[in-house]
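Structure first, commentary second.
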Amino acid sequence: MRQSIVDGAPEIASSLAQEALAAGLAPIDAVNNGYVPGMHEVGEQFARGQMFLPDMMASAEAMRAAMAVLDPELRKLGTERPMAGVVVLGTTKGDIHEIGKILVGTMLTAHGFQVHDLGVDVTGERFAAKARELKADIVGVSALLTTTMRNQKGVVEALQKEGLRGQVKVMVGGAPVTRRWAEEIGADGYAKDAVSAVALAQELMQQKLQETDVNSM
Ligand code: B1M
């Protein structure tokens, strides 16, 4: 699986995902232990100048082909659970990386969250407008570039400007993002991967419930 991503081979990535499901492998294990390490290898080779932009794009295509097989299986779990909360998700302005964000969305859906994915290159204003429209509980902002991380702060500010910050929790993530950065920009939490994003979203929903209880006393 790892090699199919490094080679940018969508057909192989897809057929290995089908084989994995047929063999009873948990889809999230295939993602985390099979395909994602391939993406990390691609990133390292790109940084060393051994791979170029078209190679990275081919690897992203292979990752999408694997996810097309695994995603429905991951999502199935979500339909068996009560609705856990409404999440507006997206990749921040200036940034077109989407694979990690899609994975986070899939895992949240699998755990009962209603996820509205705004896609990539999303401004703070669009996050805020969607959060207002859907009465979102959580806004999730992904950033993969050190140059676009700062736009996560723009989302927090846009929510503040729209008077929504009291109702909406903000979670951030992405390879260059850290807990310290999340604290610095006034976000409510940081998750390092899609599995911990679910735990964080559940924790933020608990916090929201407790705040509502206190306010209604
Ligand atoms: Co880009 N890219 N890329 N790229 N790319 C990186 C990020 C890079 C680290 C590669 C490198 O140099 N080693 C580097 C960034 C350097 C930096 O800023 N520090 C980089 C660069 C430089 C660029 C361009 C500038 C290249 C250029 O044009 N010269 C360009 C930027 C374009 C732009 O956005 N404006 C660019 C373009 C691209 C492609 C389009 C070719 C492609 C993306 C295709 C797509 O998404 N459709 C691409 C890819 C594939 C990568 C790497 C190789 C892989 C990213 C990925 O999908 N990882 C990446 C190297 C790397 O990350 N190792 C790289 C797999 C994914 C599952 O992990 O996204 O980290 P990740 O998500 C994780 C966690 O971070 C977390 O959970 C996810 C699942 O576990 N998470 C969250 C993510 N979002 C979260 C949100 C949360 C919580 C957790 O809450 C809301």
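Start at 1 and go down the list; that is how both ligands and their atoms are numbered.
Considering Gly100, Gly174, Ala182 only, the shortest heavy-atom separation from atom 81 (N) of ligand 1 involves Gly174.
Protein heavy atom at the shortest distance from atom 90 (O) of ligand 1 is Met171 CE, 3.6 Å. Protein heavy atom closest to atom 27 (C) of ligand 1, with residue, atom name and distance, is Leu53 CD1, 3.9 Å. Nearest protein heavy-atom contact of atom 86 (C) of ligand 1 is Gly173 CA, 3.6 Å. The protein non-hydrogen atom at the shortest distance from atom 18 (O) of ligand 1 is Thr146 N, 3.0 Å. Protein heavy atom at the shortest distance from atom 84 (N) of ligand 1 is Ser142 OG, 2.8 Å.
Partners of Glu11 by side-chain hydrogen bond (donor to acceptor under 3.5 Å, both in side chains), not counting sequence neighbours: none found. Taking Glu44 as the reference, nothing meets the side-chain hydrogen bond (donor to acceptor under 3.5 Å, both in side chains) condition, with sequence neighbours excluded.
Distance check on atom 41 (C) of ligand 1: some protein heavy atom falls below the 4.0 Å cut-off. Within a 4.0 Å radius of atom 8 (C) of ligand 1, the protein contributes no non-hydrogen atoms.
Residue-and-atom listing of protein N/O/S atoms under 2.8 Å from atom 1 (Co) of ligand 1, sorted by chain and number: His97 NE2.
The shortest side-chain heavy-atom distance between Val195 and Asn32 falls under the 4.5 Å cut-off.
Applying the under-4.5 Å side-chain rule to Ile, Leu, Val, Met, Phe, Trp and Tyr, the cluster around Phe52 consists of that residue alone.
Proximity of Val172 to ligand 1, defined as any heavy-atom pair under 4.0 Å, is confined to the backbone N, CA, C and O atoms. The part of Lys192 lying near ligand 1 is the backbone, judged by heavy-atom distances below 4.0 Å. Residue contacts with ligand 1 for Asn32 are absent, since no atom lies close enough (heavy atoms, distance under 4.0 Å). In Ile96, the parts holding a heavy atom less than 4.0 Å from any atom of ligand 1 are both the side chain and the backbone.
Using a 4.0 Å cutoff on heavy atoms, Pro176 does not count as a contact of ligand 1. Under a 4.0 angstrom heavy-atom cut-off, Ala194 registers as being in contact with ligand 1.
When each of Asp117, Thr91, Thr92, Thr106 is checked for a side chain to side chain donor-acceptor pair (under 3.5 Å) with Lys101, only Asp117 meets the rule.
For Asp193 and Ser196, the side-chain atoms include at least one donor-acceptor pair closer than 3.5 Å.
The atoms of ligand 1 that sit less than 4.0 Å from any heavy atom of Leu103 are 79 (C).
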